[in-house]
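Beneath this line is the structure, given in C-alpha coordinates, with notes to follow.
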Number of protein chains: 2
Amino acid sequence: MAEVMTNLSRKEQVIRMAAELFKEKGYSAASMRDLAQKLGIEAASLYSHIKSKEEILRTLCFDMAAEFRASLSEVEKQNVSVSEKLRLGIIGHVKVMAKDLTASAVFMNEHRHLSQPYLRDFLLLRINYINRFKTIIEQGVSSGDFKKDIDTKLAVMTLFSSLNWMPAWFSPDSTIEPEKLGQQLADMLIDGLKQKA
Amino acid sequence: MAEVMTNLSRKEQVIRMAAELFKEKGYSAASMRDLAQKLGIEAASLYSHIKSKEEILRTLCFDMAAEFRASLSEVEKQNVSVSEKLRLGIIGHVKVMAKDLTASAVFMNEHRHLSQPYLRDFLLLRINYINRFKTIIEQGVSSGDFKKDIDTKLAVMTLFSSLNWMPAWFSPDSTIEPEKLGQQLADMLIDGLKQKA
DNA sequence: TGACAAAACTAACAACTGTTAGTGGAAGAA
DNA sequence: TTCTTCCACTAACAGTTGTTAGTTTTGTCA
(Lines give C-alpha, C1' and ligand atoms only; values in the text may rest on other atoms or scores of the structure.)
Protein backbone atom coordinates (compact mmCIF):
# COMPACT_ATOMS: atom_id res chain seq x y z
CA MET A 1 0.00 0.00 0.00
CA ALA A 2 2.66 2.48 1.01
CA GLU A 3 4.75 1.35 -1.92
CA VAL A 4 1.86 1.82 -4.29
CA MET A 5 1.36 5.33 -2.96
CA THR A 6 5.02 6.18 -3.44
CA ASN A 7 4.99 4.70 -6.90
CA LEU A 8 1.91 6.61 -7.92
CA SER A 9 3.33 9.76 -6.48
CA ARG A 10 6.53 9.43 -8.45
CA LYS A 11 4.66 8.47 -11.60
CA GLU A 12 2.38 11.42 -11.16
CA GLN A 13 5.40 13.63 -10.71
CA VAL A 14 6.70 12.43 -14.05
CA ILE A 15 3.35 13.09 -15.69
CA ARG A 16 3.08 16.57 -14.21
CA MET A 17 6.54 17.52 -15.39
CA ALA A 18 5.72 16.09 -18.79
CA ALA A 19 2.58 18.20 -18.94
CA GLU A 20 4.60 21.33 -18.33
CA LEU A 21 7.10 20.35 -20.96
CA PHE A 22 4.45 19.41 -23.51
CA LYS A 23 2.69 22.69 -22.92
CA GLU A 24 5.87 24.69 -23.31
CA LYS A 25 7.49 23.04 -26.31
CA GLY A 26 4.71 20.94 -27.77
CA TYR A 27 4.55 17.15 -27.62
CA SER A 28 6.78 16.45 -30.61
CA ALA A 29 9.46 18.95 -29.74
CA ALA A 30 9.64 17.73 -26.14
CA SER A 31 12.13 14.89 -25.84
CA MET A 32 12.33 12.24 -23.19
CA ARG A 33 15.80 13.52 -22.38
CA ASP A 34 14.36 16.99 -21.77
CA LEU A 35 11.82 15.47 -19.44
CA ALA A 36 14.42 13.40 -17.62
CA GLN A 37 16.60 16.45 -17.12
CA LYS A 38 13.72 18.36 -15.55
CA LEU A 39 13.43 15.50 -13.04
CA GLY A 40 17.18 15.20 -12.51
CA ILE A 41 17.40 11.63 -13.80
CA GLU A 42 18.47 9.79 -16.94
CA ALA A 43 16.07 9.36 -19.84
CA ALA A 44 16.06 5.60 -19.56
CA SER A 45 15.01 5.84 -15.93
CA LEU A 46 11.68 7.27 -16.96
CA TYR A 47 10.69 3.85 -18.19
CA SER A 48 10.60 2.55 -14.63
CA HIS A 49 7.45 4.66 -14.28
CA ILE A 50 5.80 4.88 -17.65
CA LYS A 51 5.44 2.59 -20.62
CA SER A 52 6.00 5.14 -23.33
CA LYS A 53 5.96 8.82 -24.17
CA GLU A 54 2.54 8.47 -25.67
CA GLU A 55 1.17 6.82 -22.56
CA ILE A 56 1.80 10.10 -20.77
CA LEU A 57 -0.11 12.04 -23.39
CA ARG A 58 -2.96 9.52 -23.23
CA THR A 59 -3.18 9.84 -19.48
CA LEU A 60 -3.25 13.62 -19.64
CA CYS A 61 -5.84 13.78 -22.40
CA PHE A 62 -8.26 11.15 -21.15
CA ASP A 63 -8.11 12.19 -17.52
CA MET A 64 -9.04 15.73 -18.48
CA ALA A 65 -11.79 14.45 -20.77
CA ALA A 66 -13.28 12.50 -17.89
CA GLU A 67 -13.36 15.58 -15.70
CA PHE A 68 -15.08 17.67 -18.31
CA ARG A 69 -17.71 15.03 -18.87
CA ALA A 70 -18.34 14.60 -15.17
CA SER A 71 -18.79 18.33 -14.75
CA LEU A 72 -21.30 18.56 -17.57
CA SER A 73 -23.28 15.55 -16.33
CA GLU A 74 -23.68 17.30 -13.03
CA VAL A 75 -25.06 20.38 -14.76
CA GLU A 76 -27.45 18.44 -16.96
CA LYS A 77 -29.17 17.02 -13.89
CA GLN A 78 -30.07 20.46 -12.59
CA ASN A 79 -33.59 21.68 -13.07
CA VAL A 80 -33.01 25.28 -14.13
CA SER A 81 -33.69 27.54 -17.10
CA VAL A 82 -31.82 26.98 -20.32
CA SER A 83 -29.68 30.06 -20.15
CA GLU A 84 -28.84 29.21 -16.55
CA LYS A 85 -27.92 25.71 -17.63
CA LEU A 86 -25.61 27.10 -20.30
CA ARG A 87 -24.13 29.44 -17.74
CA LEU A 88 -23.50 26.60 -15.31
CA GLY A 89 -21.98 24.50 -18.08
CA ILE A 90 -19.56 27.25 -18.94
CA ILE A 91 -18.63 27.86 -15.33
CA GLY A 92 -18.09 24.14 -14.80
CA HIS A 93 -15.85 23.95 -17.83
CA VAL A 94 -13.79 26.90 -16.66
CA LYS A 95 -13.45 25.43 -13.19
CA VAL A 96 -12.21 22.11 -14.52
CA MET A 97 -9.64 23.90 -16.64
CA ALA A 98 -8.55 26.15 -13.80
CA LYS A 99 -7.91 23.13 -11.58
CA ASP A 100 -5.07 22.17 -13.90
CA LEU A 101 -4.24 24.78 -16.50
CA THR A 102 -1.18 22.91 -17.66
CA ALA A 103 -2.98 19.66 -18.35
CA SER A 104 -5.77 21.65 -19.95
CA ALA A 105 -3.39 23.25 -22.39
CA VAL A 106 -2.00 19.84 -23.33
CA PHE A 107 -5.51 18.42 -23.64
CA MET A 108 -6.42 21.23 -25.99
CA ASN A 109 -3.36 21.55 -28.19
CA GLU A 110 -1.53 18.24 -28.15
CA HIS A 111 -4.23 15.61 -28.39
CA ARG A 112 -3.70 15.37 -32.12
CA HIS A 113 -0.44 13.54 -31.51
CA LEU A 114 -2.30 10.57 -30.11
CA SER A 115 -2.04 7.55 -32.37
CA GLN A 116 -4.96 5.42 -33.42
CA PRO A 117 -7.19 4.08 -32.05
CA TYR A 118 -6.80 6.50 -29.14
CA LEU A 119 -7.14 9.57 -31.30
CA ARG A 120 -10.45 8.32 -32.66
CA ASP A 121 -11.73 7.59 -29.16
CA PHE A 122 -10.65 10.99 -27.97
CA LEU A 123 -12.36 12.82 -30.82
CA LEU A 124 -15.55 10.87 -30.23
CA LEU A 125 -15.55 11.90 -26.60
CA ARG A 126 -14.99 15.48 -27.58
CA ILE A 127 -17.72 15.60 -30.18
CA ASN A 128 -20.12 14.07 -27.71
CA TYR A 129 -19.27 16.76 -25.18
CA ILE A 130 -19.70 19.52 -27.73
CA ASN A 131 -23.00 18.12 -28.91
CA ARG A 132 -24.35 18.15 -25.40
CA PHE A 133 -23.63 21.87 -25.24
CA LYS A 134 -25.17 22.28 -28.67
CA THR A 135 -28.31 20.59 -27.41
CA ILE A 136 -28.58 23.09 -24.59
CA ILE A 137 -28.30 25.96 -27.05
CA GLU A 138 -30.90 24.40 -29.34
CA GLN A 139 -33.26 24.03 -26.43
CA GLY A 140 -32.74 27.70 -25.72
CA VAL A 141 -33.64 28.59 -29.26
CA SER A 142 -36.79 26.43 -29.16
CA SER A 143 -37.92 27.82 -25.84
CA GLY A 144 -37.43 31.38 -27.01
CA ASP A 145 -34.72 32.11 -24.45
CA PHE A 146 -32.21 32.56 -27.27
CA LYS A 147 -32.62 34.29 -30.61
CA LYS A 148 -34.34 32.29 -33.30
CA ASP A 149 -31.85 33.09 -36.05
CA ILE A 150 -28.79 31.74 -34.27
CA ASP A 151 -26.53 29.37 -36.18
CA THR A 152 -26.14 26.82 -33.39
CA LYS A 153 -23.06 25.23 -34.88
CA LEU A 154 -21.35 28.58 -35.12
CA ALA A 155 -22.50 29.47 -31.64
CA VAL A 156 -21.17 26.32 -30.04
CA MET A 157 -17.84 26.50 -31.88
CA THR A 158 -17.44 30.10 -30.84
CA LEU A 159 -18.21 29.13 -27.30
CA PHE A 160 -15.60 26.41 -27.27
CA SER A 161 -13.01 28.48 -28.98
CA SER A 162 -13.34 31.13 -26.30
CA LEU A 163 -13.17 28.57 -23.56
CA ASN A 164 -10.34 26.57 -24.96
CA TRP A 165 -7.82 29.28 -25.38
CA MET A 166 -8.15 30.28 -21.79
CA PRO A 167 -5.22 28.16 -20.63
CA ALA A 168 -3.04 30.07 -23.06
CA TRP A 169 -3.59 33.47 -21.49
CA PHE A 170 -5.10 32.95 -18.06
CA SER A 171 -2.39 33.21 -15.45
CA PRO A 172 -2.72 30.96 -12.40
CA ASP A 173 -1.73 33.73 -10.02
CA SER A 174 -4.45 35.95 -11.37
CA THR A 175 -6.57 37.54 -8.69
CA ILE A 176 -9.79 36.55 -10.37
CA GLU A 177 -11.33 33.26 -9.23
CA PRO A 178 -12.35 30.66 -11.80
CA GLU A 179 -15.98 30.88 -10.68
CA LYS A 180 -16.03 34.61 -11.33
CA LEU A 181 -14.20 34.28 -14.61
CA GLY A 182 -16.65 31.66 -15.82
CA GLN A 183 -19.49 33.91 -14.76
CA GLN A 184 -18.12 36.85 -16.74
CA LEU A 185 -17.44 34.72 -19.77
CA ALA A 186 -20.97 33.37 -19.69
CA ASP A 187 -22.36 36.88 -19.35
CA MET A 188 -20.41 38.03 -22.32
CA LEU A 189 -21.41 35.19 -24.58
CA ILE A 190 -25.04 35.14 -23.54
CA ASP A 191 -25.72 38.84 -23.24
CA GLY A 192 -23.12 40.28 -25.59
CA LEU A 193 -21.03 43.39 -25.25
CA LYS A 194 -23.65 45.83 -26.28
CA GLN A 195 -25.55 48.05 -23.90
CA LYS A 196 -29.21 47.18 -24.06
CA ALA A 197 -31.21 50.03 -25.58
CA MET B 1 12.10 37.94 -65.34
CA ALA B 2 10.53 34.69 -66.48
CA GLU B 3 13.11 32.80 -64.45
CA VAL B 4 12.33 34.83 -61.38
CA MET B 5 8.66 34.06 -61.79
CA THR B 6 9.34 30.36 -62.13
CA ASN B 7 11.60 30.46 -59.12
CA LEU B 8 9.06 32.27 -57.01
CA SER B 9 6.32 29.99 -58.18
CA ARG B 10 8.24 26.87 -57.22
CA LYS B 11 9.35 28.36 -53.93
CA GLU B 12 5.78 29.32 -53.17
CA GLN B 13 4.70 25.81 -54.04
CA VAL B 14 7.14 24.49 -51.46
CA ILE B 15 5.86 26.93 -48.87
CA ARG B 16 2.23 26.07 -49.58
CA MET B 17 2.85 22.36 -49.24
CA ALA B 18 4.79 23.02 -46.07
CA ALA B 19 1.87 24.98 -44.67
CA GLU B 20 -0.43 22.02 -45.24
CA LEU B 21 2.03 19.69 -43.64
CA PHE B 22 2.66 21.97 -40.66
CA LYS B 23 -1.05 22.35 -40.13
CA GLU B 24 -1.67 18.61 -40.30
CA LYS B 25 1.18 17.27 -38.20
CA GLY B 26 2.52 20.32 -36.44
CA TYR B 27 5.84 22.00 -37.22
CA SER B 28 8.04 19.72 -35.14
CA ALA B 29 6.47 16.48 -36.26
CA ALA B 30 6.65 17.49 -39.91
CA SER B 31 9.97 16.44 -41.41
CA MET B 32 11.69 17.81 -44.45
CA ARG B 33 11.51 14.33 -45.94
CA ASP B 34 7.72 14.36 -45.50
CA LEU B 35 7.60 17.68 -47.27
CA ALA B 36 9.86 16.50 -50.07
CA GLN B 37 7.70 13.43 -50.60
CA LYS B 38 4.58 15.56 -50.95
CA LEU B 39 6.36 17.42 -53.73
CA GLY B 40 7.77 14.29 -55.33
CA ILE B 41 11.40 15.25 -54.82
CA GLU B 42 14.27 14.42 -52.48
CA ALA B 43 14.66 16.19 -49.16
CA ALA B 44 17.97 17.75 -50.11
CA SER B 45 16.40 19.28 -53.21
CA LEU B 46 14.26 21.51 -51.04
CA TYR B 47 17.35 23.52 -50.23
CA SER B 48 17.52 24.79 -53.79
CA HIS B 49 14.44 26.82 -52.88
CA ILE B 50 14.60 27.60 -49.20
CA LYS B 51 17.35 28.30 -46.70
CA SER B 52 15.99 26.26 -43.83
CA LYS B 53 12.88 24.69 -42.36
CA GLU B 54 12.43 27.61 -40.06
CA GLU B 55 12.62 30.09 -42.91
CA ILE B 56 9.39 28.56 -44.20
CA LEU B 57 7.71 29.01 -40.84
CA ARG B 58 8.95 32.60 -40.66
CA THR B 59 7.58 33.38 -44.09
CA LEU B 60 4.20 31.90 -43.24
CA CYS B 61 3.90 33.65 -39.89
CA PHE B 62 5.11 37.10 -40.86
CA ASP B 63 3.23 37.22 -44.16
CA MET B 64 -0.01 36.47 -42.36
CA ALA B 65 0.80 39.02 -39.68
CA ALA B 66 1.29 41.68 -42.34
CA GLU B 67 -2.10 40.92 -43.84
CA PHE B 68 -3.88 41.14 -40.51
CA ARG B 69 -2.26 44.48 -39.75
CA ALA B 70 -3.09 45.89 -43.15
CA SER B 71 -6.71 44.86 -42.76
CA LEU B 72 -7.03 46.51 -39.37
CA SER B 73 -5.35 49.73 -40.53
CA GLU B 74 -7.95 49.98 -43.26
CA VAL B 75 -10.72 49.68 -40.68
CA GLU B 76 -9.22 52.20 -38.29
CA LYS B 77 -9.37 54.87 -40.98
CA GLN B 78 -13.13 54.55 -41.34
CA ASN B 79 -15.31 57.13 -39.73
CA VAL B 80 -18.05 54.97 -38.23
CA SER B 81 -19.53 54.13 -34.85
CA VAL B 82 -17.51 52.08 -32.40
CA SER B 83 -19.58 48.94 -32.60
CA GLU B 84 -19.50 49.20 -36.37
CA LYS B 85 -15.75 49.58 -36.24
CA LEU B 86 -15.46 46.48 -34.10
CA ARG B 87 -17.75 44.67 -36.50
CA LEU B 88 -15.62 45.68 -39.47
CA GLY B 89 -12.47 44.67 -37.66
CA ILE B 90 -13.89 41.23 -37.00
CA ILE B 91 -15.08 40.80 -40.56
CA GLY B 92 -11.70 41.91 -41.87
CA HIS B 93 -9.93 39.43 -39.64
CA VAL B 94 -12.18 36.61 -40.79
CA LYS B 95 -11.68 37.54 -44.42
CA VAL B 96 -7.91 37.50 -44.10
CA MET B 97 -8.06 34.10 -42.46
CA ALA B 98 -10.47 32.74 -45.05
CA LYS B 99 -8.15 33.79 -47.88
CA ASP B 100 -5.68 31.20 -46.63
CA LEU B 101 -7.02 28.92 -43.92
CA THR B 102 -3.98 26.71 -44.00
CA ALA B 103 -1.49 29.49 -43.45
CA SER B 104 -3.80 30.92 -40.79
CA ALA B 105 -3.77 27.68 -38.88
CA VAL B 106 0.02 27.62 -38.96
CA PHE B 107 0.19 31.27 -37.96
CA MET B 108 -2.02 30.52 -34.99
CA ASN B 109 -0.66 27.24 -33.70
CA GLU B 110 2.93 26.92 -34.83
CA HIS B 111 4.43 30.36 -34.33
CA ARG B 112 5.85 29.29 -30.99
CA HIS B 113 8.45 27.20 -32.80
CA LEU B 114 10.08 30.32 -34.14
CA SER B 115 13.50 30.86 -32.61
CA GLN B 116 14.71 34.13 -31.21
CA PRO B 117 14.76 36.91 -32.14
CA TYR B 118 11.94 36.15 -34.56
CA LEU B 119 9.66 34.84 -31.86
CA ARG B 120 9.98 38.05 -29.91
CA ASP B 121 9.25 40.15 -32.98
CA PHE B 122 6.25 38.05 -33.80
CA LEU B 123 4.79 38.32 -30.32
CA LEU B 124 5.29 42.08 -30.34
CA LEU B 125 3.37 42.34 -33.60
CA ARG B 126 0.62 40.23 -32.18
CA ILE B 127 0.26 42.16 -28.95
CA ASN B 128 0.15 45.39 -30.90
CA TYR B 129 -2.65 44.01 -33.05
CA ILE B 130 -4.60 42.83 -30.03
CA ASN B 131 -4.16 46.14 -28.27
CA ARG B 132 -5.59 47.99 -31.22
CA PHE B 133 -8.74 45.89 -30.91
CA LYS B 134 -8.73 46.48 -27.18
CA THR B 135 -8.63 50.22 -27.80
CA ILE B 136 -11.73 49.97 -29.96
CA ILE B 137 -13.57 48.12 -27.20
CA GLU B 138 -12.42 50.66 -24.60
CA GLN B 139 -13.70 53.46 -26.77
CA GLY B 140 -17.01 51.65 -26.93
CA VAL B 141 -17.15 51.46 -23.17
CA SER B 142 -16.33 55.17 -22.79
CA SER B 143 -18.87 56.23 -25.37
CA GLY B 144 -21.60 54.14 -23.77
CA ASP B 145 -22.01 51.87 -26.79
CA PHE B 146 -20.79 48.93 -24.74
CA LYS B 147 -21.59 48.00 -21.16
CA LYS B 148 -19.67 49.87 -18.49
CA ASP B 149 -18.79 46.79 -16.43
CA ILE B 150 -16.98 44.93 -19.19
CA ASP B 151 -13.54 43.50 -18.44
CA THR B 152 -11.87 44.68 -21.63
CA LYS B 153 -8.98 42.30 -21.36
CA LEU B 154 -11.30 39.35 -21.00
CA ALA B 155 -13.46 40.66 -23.82
CA VAL B 156 -10.61 41.04 -26.25
CA MET B 157 -9.13 37.64 -25.38
CA THR B 158 -12.50 36.01 -25.82
CA LEU B 159 -12.86 37.74 -29.14
CA PHE B 160 -9.51 36.49 -30.36
CA SER B 161 -10.01 33.01 -29.08
CA SER B 162 -13.23 32.73 -31.04
CA LEU B 163 -11.62 34.10 -34.14
CA ASN B 164 -8.48 32.12 -33.93
CA TRP B 165 -9.91 28.67 -33.74
CA MET B 166 -11.91 29.26 -36.87
CA PRO B 167 -9.29 27.69 -39.17
CA ALA B 168 -9.60 24.52 -37.13
CA TRP B 169 -13.26 23.94 -37.83
CA PHE B 170 -14.24 26.13 -40.77
CA SER B 171 -14.24 24.07 -43.93
CA PRO B 172 -13.15 25.85 -47.11
CA ASP B 173 -15.94 24.27 -49.15
CA SER B 174 -18.53 25.56 -46.74
CA THR B 175 -21.42 27.32 -48.41
CA ILE B 176 -21.17 30.33 -46.12
CA GLU B 177 -19.05 33.21 -47.35
CA PRO B 178 -16.37 34.71 -45.11
CA GLU B 179 -18.13 38.07 -45.15
CA LYS B 180 -21.34 36.49 -43.85
CA LEU B 181 -19.49 34.38 -41.29
CA GLY B 182 -17.68 37.42 -39.96
CA GLN B 183 -20.98 39.25 -39.79
CA GLN B 184 -22.59 36.47 -37.76
CA LEU B 185 -19.62 36.17 -35.47
CA ALA B 186 -19.65 39.89 -34.82
CA ASP B 187 -23.39 39.78 -34.13
CA MET B 188 -22.93 37.04 -31.64
CA LEU B 189 -20.13 38.67 -29.75
CA ILE B 190 -21.61 42.11 -29.76
CA ASP B 191 -25.26 41.30 -29.20
CA GLY B 192 -25.02 37.96 -27.43
CA LEU B 193 -27.19 34.90 -27.75
CA LYS B 194 -30.01 36.10 -25.61
CA GLN B 195 -33.29 37.33 -26.95
CA LYS B 196 -33.76 40.94 -25.96
CA ALA B 197 -36.58 41.32 -23.46
C1' DT C 1 24.09 24.82 -81.59
C1' DG C 2 26.04 26.45 -76.89
C1' DA C 3 25.36 28.99 -72.64
C1' DC C 4 23.09 29.64 -68.45
C1' DA C 5 20.26 29.14 -64.75
C1' DA C 6 16.82 26.46 -62.29
C1' DA C 7 16.00 22.44 -60.05
C1' DA C 8 16.74 18.05 -59.33
C1' DC C 9 19.95 14.24 -57.85
C1' DT C 10 23.30 10.99 -54.67
C1' DA C 11 25.89 10.49 -50.64
C1' DA C 12 26.86 11.57 -46.42
C1' DC C 13 27.36 14.15 -41.81
C1' DA C 14 26.62 14.63 -36.83
C1' DA C 15 23.23 15.01 -33.71
C1' DC C 16 19.16 13.45 -31.71
C1' DT C 17 14.98 10.31 -31.26
C1' DG C 18 12.28 6.75 -28.21
C1' DT C 19 13.25 2.69 -26.22
C1' DT C 20 15.39 -1.93 -24.44
C1' DA C 21 18.40 -4.87 -21.74
C1' DG C 22 20.61 -5.68 -17.95
C1' DT C 23 22.51 -4.05 -13.42
C1' DG C 24 22.78 -2.28 -8.74
C1' DG C 25 21.71 0.26 -4.68
C1' DA C 26 18.42 1.60 -1.11
C1' DA C 27 14.64 0.79 1.97
C1' DG C 28 11.22 -1.73 4.25
C1' DA C 29 9.09 -6.37 5.50
C1' DA C 30 9.77 -11.21 6.69
C1' DT D 1 19.69 -11.94 7.51
C1' DT D 2 17.03 -12.41 3.10
C1' DC D 3 13.36 -11.14 0.00
C1' DT D 4 11.01 -7.75 -2.54
C1' DT D 5 9.90 -3.48 -4.57
C1' DC D 6 11.16 0.93 -6.17
C1' DC D 7 14.06 3.62 -8.65
C1' DA D 8 17.90 4.84 -10.54
C1' DC D 9 22.01 3.69 -13.52
C1' DT D 10 25.18 2.53 -18.00
C1' DA D 11 25.40 1.11 -22.60
C1' DA D 12 23.56 0.57 -26.64
C1' DC D 13 20.09 -0.09 -30.57
C1' DA D 14 18.06 1.30 -34.94
C1' DG D 15 15.87 4.88 -36.97
C1' DT D 16 15.14 9.79 -37.95
C1' DT D 17 16.41 14.64 -37.95
C1' DG D 18 17.99 19.07 -40.65
C1' DT D 19 21.44 20.13 -43.56
C1' DT D 20 25.89 20.24 -46.67
C1' DA D 21 28.72 19.38 -50.71
C1' DG D 22 29.16 18.32 -55.10
C1' DT D 23 27.10 16.68 -59.41
C1' DT D 24 23.81 16.06 -63.11
C1' DT D 25 19.57 16.81 -65.52
C1' DT D 26 16.22 19.95 -67.55
C1' DG D 27 14.42 23.77 -70.00
C1' DT D 28 14.91 28.40 -72.06
C1' DC D 29 16.95 31.89 -74.72
C1' DA D 30 20.70 33.86 -77.81
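In the text below, chain A, chain B and the rest are named by the order of the sequence lines, each starting its count at 1.
For B:Phe22, the ring-ring contact (aromatic ring centres under 6.0 Å, His included) criterion is met by B:Tyr27, not counting sequence neighbours. Annotation: side chain to side chain donor-acceptor pair (under 3.5 Å) contacts of A:Ser162 (sequence neighbours excluded): B:Ser162. Qualifying side chain to side chain donor-acceptor pair (under 3.5 Å) partners for B:Gln183, counting only residues two or more places apart in sequence or in other chains: B:Arg87. Every residue two or more places apart in sequence or in another chain that forms a side chain to side chain contact (heavy atoms under 4.5 Å, CB included) with A:Met17 is listed here: A:Leu35, A:Lys38, A:Leu39. A:Glu179 pairs by the side chain to side chain donor-acceptor pair (under 3.5 Å) definition with A:Lys95, not counting sequence neighbours. A:Phe170 is linked by a ring-ring contact (aromatic ring centres under 6.0 Å, His included) to nothing, counting only residues two or more places apart in sequence or in another chain. Under the side chain to side chain contact (heavy atoms under 4.5 Å, CB included) criterion, B:Ala36 pairs with B:Ile41, B:Ala43, B:Leu46, not counting sequence neighbours.
What separates CD of A:Glu54 from C1' of C:dT19 is a distance of 14 Å, to the nearest Å. Taking atom NZ of residue B:Lys51 and atom C1' of nucleotide D:dT20, one finds them 16 Å apart after rounding to whole Å. Going from atom CD of B:Gln37 over to atom C1' of C:dA8 covers 16 Å, rounded to whole Å. Atom CD in A:Glu55 sits about 11 Å away from atom P in C:dT20, given to the nearest Å. One interatomic measurement links the two molecules: CD1 of B:Ile50 to P of C:dA7, which rounds to 13 Å at whole-angstrom precision. The CG atom of A:Leu46 sits 14 Å away from the C1' atom of C:dT20 (whole-angstrom rounding).
Regarding contacts with the backbone of D:dC6, every side-chain N or O of A:His49 stays at 4.0 angstrom or more from both OP1 and OP2. Phosphate contact (OP1/OP2 of C:dA7, side-chain N/O of B:Ser45, threshold under 4.0 Å): absent.
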Using a cutoff of under 3.5 Å, can you pull out all pairs of nitrogen or oxygen atoms linking the protein to nucleotides 15-18 of chain D, with atom names and distances?
from, atom 1, to, atom 2, distance (Å)
D:dG18, OP1, B:Ala30, O, 3.3
D:dG18, OP1, B:Lys53, NZ, 2.9
D:dG18, OP2, B:Met32, N, 2.8
D:dG18, N7, B:Arg33, NH1, 2.9
D:dG18, O6, B:Arg33, NH2, 2.9

Which atom pairs link the protein and nucleotides 24-26 of chain C when you take only N or O atoms and keep those under 3.5 Å?
none

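Of the candidates D:dA8, C:dA8, C:dT10, the closest approach to any side-chain atom of B:Arg10 belongs to C:dA8. Which of C:dT10, D:dT10, D:dA8 sits closest to the side chain of A:Glu42 comes down to D:dT10.
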Side chains of residues 150-158 of chain A: which donor-acceptor pairs under 3.5 Å do they make with residues two or more places apart or in other chains?
from, atom 1, to, atom 2, distance (Å)
A:Asp151, OD1, A:Lys153, N, 3.1
A:Asp151, OD1, A:Leu154, N, 3.1
A:Thr158, OG1, A:Leu154, O, 2.7

Cut-off 3.5 Å, no hydrogens considered: what does the side-chain donor-acceptor table look like for residues 133-140 of chain A, sequence neighbours left out?
from, atom 1, to, atom 2, distance (Å)
A:Thr135, OG1, A:Asn131, O, 2.8

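Judged by distance alone, with hydrogens and angles left aside, B:Ser48 brings no side-chain donor or acceptor close enough to the base of C:dA6 to form a pair under 3.5 Å.
Around OH of A:Tyr118, the count of heavy atoms belonging to other residues, nucleotides or ligands within 6.0 Å does not exceed 12. Surrounding CD of B:Glu55 are more than 12 heavy atoms belonging to other residues, nucleotides or ligands, all under 6.0 Å away.
Taken over five-pair windows at either terminus, the axes of the helix from C:dT1-D:dA30 to C:dA30-D:dT1 are inclined to one another by 10° (rounded to 10 degrees).
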